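Each chain gets a letter, A, B and so on, in the order its sequence line appears, and its residues count up from 1. This structure is a prediction, so every number in the text was calculated from the model and none was measured.
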Amino acid sequence: MLKVAVGHSNDPDSEVAVLEVIEQCLAQCQPDHPVIAGLLLVAIDFDHQFILDRICDQFPDIVLIGGTTDGELSSQLQFHQDSLVLTLFCSKDIQIQAGVGRHLSQDTLAGAIQAITSAKGSNPQTPKLCLTIAEGMGYDSNAVVEGLHQVLGETFPVFGGATADQQRFDQSYQFFGREVLTDAVVVFLMYGEVQFSCGVAHGWQPIGKSAQLTQVGPNKVVEIDDTRALDLYDYYLKGLRPSPEYPLAIFEEDGEQFYLRSPIGCDPTTGEINFLTNLPVNSKVQVAFASRDDVLTATQDSFKTALDRYPGTQSPEFALIFSCCTRRQILGTRTEEECQLISQLAPSNLSFMGFYTYGEIGPSETDGPVRLHHETFITLLLG
Amino acid sequence: MGDESIAQRLKELEKENRILKKQLSRSKADRLQLEDNYARNGSLLRQIIEDLESSKLVLEERGQALELALHDIQRMQGQLIESEKMSALGVLVAGVAHEINNPVGFIYGNIGHLEQYTIALLELTSLYEEIYPSPHERIEAAIEAIDLPFLRRDIPKVLKSMWVGAERILEIVKSLRNFSRLDEAEFKAVDLHEGIDSTLMILQSQLKGSPDRPQIEVVKRYSALPLVQCYPGKLNQVFMNILVNAIDALVECYTHRLKSADSTELTPEEPMICIETMVQGDDVKITISDNGDGIPLATQSKLFDPFFTTKEVGKGTGLGLSISYQIIVENHHGKLSCHSELSKGTMFTIVIPIVQKDDRSGTKR
Ligand SMILES: Nc1ncnc2c1ncn2[C@@H]1O[C@H](COP(=O)(O)OP(=O)(O)O)[C@@H](O)[C@H]1O
Ligand SMILES: [Mg+2]
C-alpha cells in the first residue's frame, strides 16, 4: 500500500520554507508506513543545495529526486509560483529505486540509458513504472524519451516532466540525493504493489493554413514551405515573435493525429524558429491555438480520464500532475482553476502535487507509446 | 500579549512581507507576458477571420462560376435541341422541294407546248369557219354545245393561270431549297435578299389575312447589297426566328386590341413588318421591325436568354432568339440587338461583316 505525505511552503526564504515542508510531512507520516523516497519540486530562486541537505539530513535513508519548475501545485497550498513542495512516498510493500544520467547535451541517449540502468542496479525484478525529471533545455528533449524507450520499451509506463526556470530559458536544475545538477535526467523506478492510471489532454486546435517543414536543424526549424520559417508566424502575428502559446501542431504521417511543439524564440535575421526538440522534416504543420476555456476543459478531461481508468476498488492515494508552463502563461490569474478543478473532481483526501514544466512525458493519447509532449496536462494517479 | 506571541506575530509578518515582495516582483513580468499574449491573440484571430472571409469569397465566386457553367450548359443543351429541330426541318424541306421539283418541271415545261398546240387548234377552227361558213348541222350543234366562242375567250386565260400557278410553285420550290441550303456548311458569298425573300415565301401563309385578322403587310426597303460571306442556311434560320416572332407579336397585338374595351378609340393600325437593308462601312445592316405591342423594359434584358419565353407552353420554346444570337455573334462575328418601345413596336438589328476576317487574310495571300 502506498501512502504519501505532502508539504508545501510559499515562503521565499529557503531555510524557513524547507523547515515548513519537513514539519508538514512529519505530521502526516505514520509509523507503520516507512518513508522510502522523496520527490522535490522547487522554484528557481531558492538555495537548492541548502534545501537538499536539510531534507537528506532529516531523512537519511530515502532516495530523493526533483527539479526546478515554472510553478508548483499541491493539495496543501494549491498553486504557487515561488514555492517549494515535497512529497514523501511511504510504503512497506513498494520499492522505489533512483537513478541519474548526466551530460545529456553531449549524448542524450546514453544519459537516459544510464539513468535507468543505474536505477535498476542489481534488482532482478521488473519495475511497474518510471517517474522522471529531466533537463528541459539545451538539447533535443525528444531524445531522452527515445533513450528510455530503448531500455524500457516503447509502451512501458513513463511519466515525468522537464525542469524549468520561470521562462528565462537560461538554466534549470535537477536533483539527485544531495546533488544539484544541470543537463541531467533523474528517475524513480517503482516496484511492487503499485496501482496507477493516467490521463493526457491539451486543448489546442490547429488553426489557419497547413504548411510543410521543408528545412530543419538541431532544435530549430529553418524553412517552412521553402520560405523562412518565421514567415508562417509573421503572417498571423504581424511581426510579433512566435511564443509558446502558439505552438506548431505536427501531424503524424497520413493522419489527423498531431502533437504540439512550442516555439521558444527566433532569429529575425535568418528567419529560423527555435524549439526545445528537433522537429521531423517534411511533416505537415499548422499553427495551433487555445483559449483559456479550451485549456481548462483539457485539464478536466485529463483528470477525469485518469479517474475513470483507475484500477481496483480503492480510490487512489496520490495524484502527480505535469502541466505545461504555457498553460500557466495563458491561464494567468485563472491558473488556480487547474488546481481547483482537481480538488473538485478528486475523491476527498486525495493528496496531489505537480509542476509547470518545459515538456511533459507520458503516453500519447492516454495509452499509445510514451512521448514528449508540449502544452499538455498529464494526470498520474497512484495508489 | 506575551513576548513569545509578539515574537511569533513578528515572524508571521516577516514571512508575509517576504512573500508579498516576491509576488510583486513576479506580477509585473507576468502581466507583461499576458499583455504580449493578448497582442498575439488579437493579431492571430484577426488574420484567421480575414482568411475565413476571403475563403468565403472564394466559395461564393466558385458558386457563381458554377451557376454560370450551369447556365451555359442549359444554353448549349437548348441550342442543340433547337438546331437539331431546325436541321430536321431543313432535311424535310429539302426533301419535299426535291420531290416536287421534277413533276413541276414537267408541268411548267409542257405548258408552253400545250399553249402552242391549243393556239394552233384554235387557229385551225377559225380557218374552218372561214372556208365553210355554213357547216353541217351536226357540227353546228357541237359548236353550240361546247360554246366555242367562250372556249376561244377562256383558253388563253386558263393557260395564263397555269403559267402563273406553275411559276409560283417553281418559285416556292426554289425558296425551299434556298432556305434549307443543306449543302452549305462553309462560308459562301450570297445575296442576303434572296435568303430573306425565301423565308418570307415560306411564311406566306402566316402573313396572309384570315376572317379573324387582317393581312400583315411586309414592307421591304432593300439597298443594293454586295454578296455577303455567311452560312446562308444559318442566316435564314435567324430571319425565320425574328420574322416568326414579329408575326406572333402582331397577331397577339391584334387580338389583344380587339378584346380591350376602348379598341374603337385606337387608330386602327395596319399590322406591318418592315425589312430594311443597308451597307454600313465593312458591314451590312438588316433591321426587321414590327408595329406590335413592344417589349417591357424588364424583359428586354432576358430576350436572348435560353428558355426565356412569354408564350404559352407548347407555343414558345424560348430558344429562337438565343440561337439567333449565337449564330450572329459567334458564327458570323456580328451583332444582334433589339430596340423596343411599348405600344410602338420592336426592331431587331443584325449587323454582320461583308467579308469574314479569316477569309480576308485568305484572299490576300
Ligand atoms: N418582335 C417581338 N415583339 C414582342 N416580343 C418579342 C418579339 N420578339 C421576341 N419577343 C419576346 O421574346 C421572347 C423570346 O423569343 P424567342 O427566343 O424567339 O422564344 P419564343 O418565341 O419561343 O418565345 C418571346 O417569348 C417574346 O416575349
Ligand atoms: Mg421565337
Distance from A:Asp45 atom CG to B:Lys22 atom NZ, nearest 0.5 Å?
3.5 Å

One option among B:Arg26, B:Arg46, B:Lys11, B:Glu50 has the most heavy-atom pairs under 4.5 Å with chain A, and it is B:Arg26

How far does CG of B:Leu52 sit from CD1 of A:Ile207, to the nearest 0.5 angstrom?
8.0 Å

If you check every heavy atom in residues 319-331 of chain B against those of chain A, which residues fall under 4.5 Å?
none

Does B:Lys311 NZ have over 12 foreign heavy atoms under 6.0 Å away?
yes

B:Lys335, NZ atom: more than 12 neighbouring heavy atoms under 6.0 Å
no

Quick check on A:Thr335 against chain B: is it the side chain, the backbone, both or neither that has a heavy atom closer than 4.5 Å?
neither

Using the side-chain contact (heavy atoms from CB on, under 4.5 Å) rule, take B:Lys15 and A:Glu20 through it: C-alpha gap first, then chi angles, then the decisive distance, then the call.
CA-CA 12 Å; B:Lys15 175 181 169 140; A:Glu20 276 185 10; 2.4 Å; yes

Counting neighbours of CD on B:Glu35 that are heavy atoms of other residues, nucleotides or ligands and sit closer than 6.0 Å, is the number greater than 12?
yes

Heavy-atom cut-off 4.5 Å, strictly under: side chain, backbone, both or neither for A:Arg328 against chain B?
side chain

Just how far is it from atom CG of A:Asn10 to atom CD of B:Glu16, taken to the nearest 0.5 Å?
10.0 Å

So does A:Lys209 pair up with B:Asp51, basic N to acidic O under 4.0 Å?
no

Does a sphere of radius 6.0 Å around CZ in B:Phe307 hold more than 12 heavy atoms from other residues, nucleotides or ligands, not counting ones at 6.0 Å or beyond?
yes

Passes side-chain contact (heavy atoms from CB on, under 4.5 Å), A:Val16 versus B:Glu14? Steps please.
CA-CA 11 Å; A:Val16 179; B:Glu14 273 172 1; over 6 Å; no

Heavy-atom distance under 4.5 Å to chain B: side chain of A:Asp82, backbone, both or neither?
side chain

Heavy-atom cut-off 4.5 Å, strictly under: side chain, backbone, both or neither for A:Glu245 against chain B?
side chain

Test side-chain contact (heavy atoms from CB on, under 4.5 Å) on B:Asp30 and A:Gln81 and set out the steps.
CA-CA 11 Å; B:Asp30 282 353; A:Gln81 257 176 309; 3.1 Å; yes

Measure A:Phe289 against the heavy atoms of chain B and call it side chain, backbone, both or neither at under 4.5 Å.
side chain

From B:Leu34 CG over to A:Gln329 CD, what is the distance, rounded to the nearest 0.5 angstrom?
7.5 Å

Work out which heavy atom in B:Arg40 is nearest to a heavy atom in A:Pro242; give both atom names and the distance.
NE-C, 4.3 Å

To the nearest 0.5 Å, tell me how far B:Ile19 CD1 sits from A:Ser83 OG.
9.5 Å

Between B:Asn37 and A:Tyr246, does the side-chain contact (heavy atoms from CB on, under 4.5 Å) criterion hold? Intermediate values first, please.
CA-CA 9 Å; B:Asn37 187 33; A:Tyr246 306 94; 3.0 Å; yes

Is any residue of residues 54-67 of chain B within less than 4.5 Å of chain A by heavy atoms, and which ones?
none

Hey, what do you get for OG1 (A:Thr326) to CD (B:Gln33), rounding to the nearest 0.5 Å?
9.0 Å

Within the supplied structure, the quantity of interest is the number of heavy atoms (other residues, nucleotides, ligands) at a distance under 6.0 Å from B:Met240 CE; does it exceed 12?
yes

Would you say B:Glu12 has more than 12 foreign heavy atoms packed within less than 6.0 Å of its CD?
yes

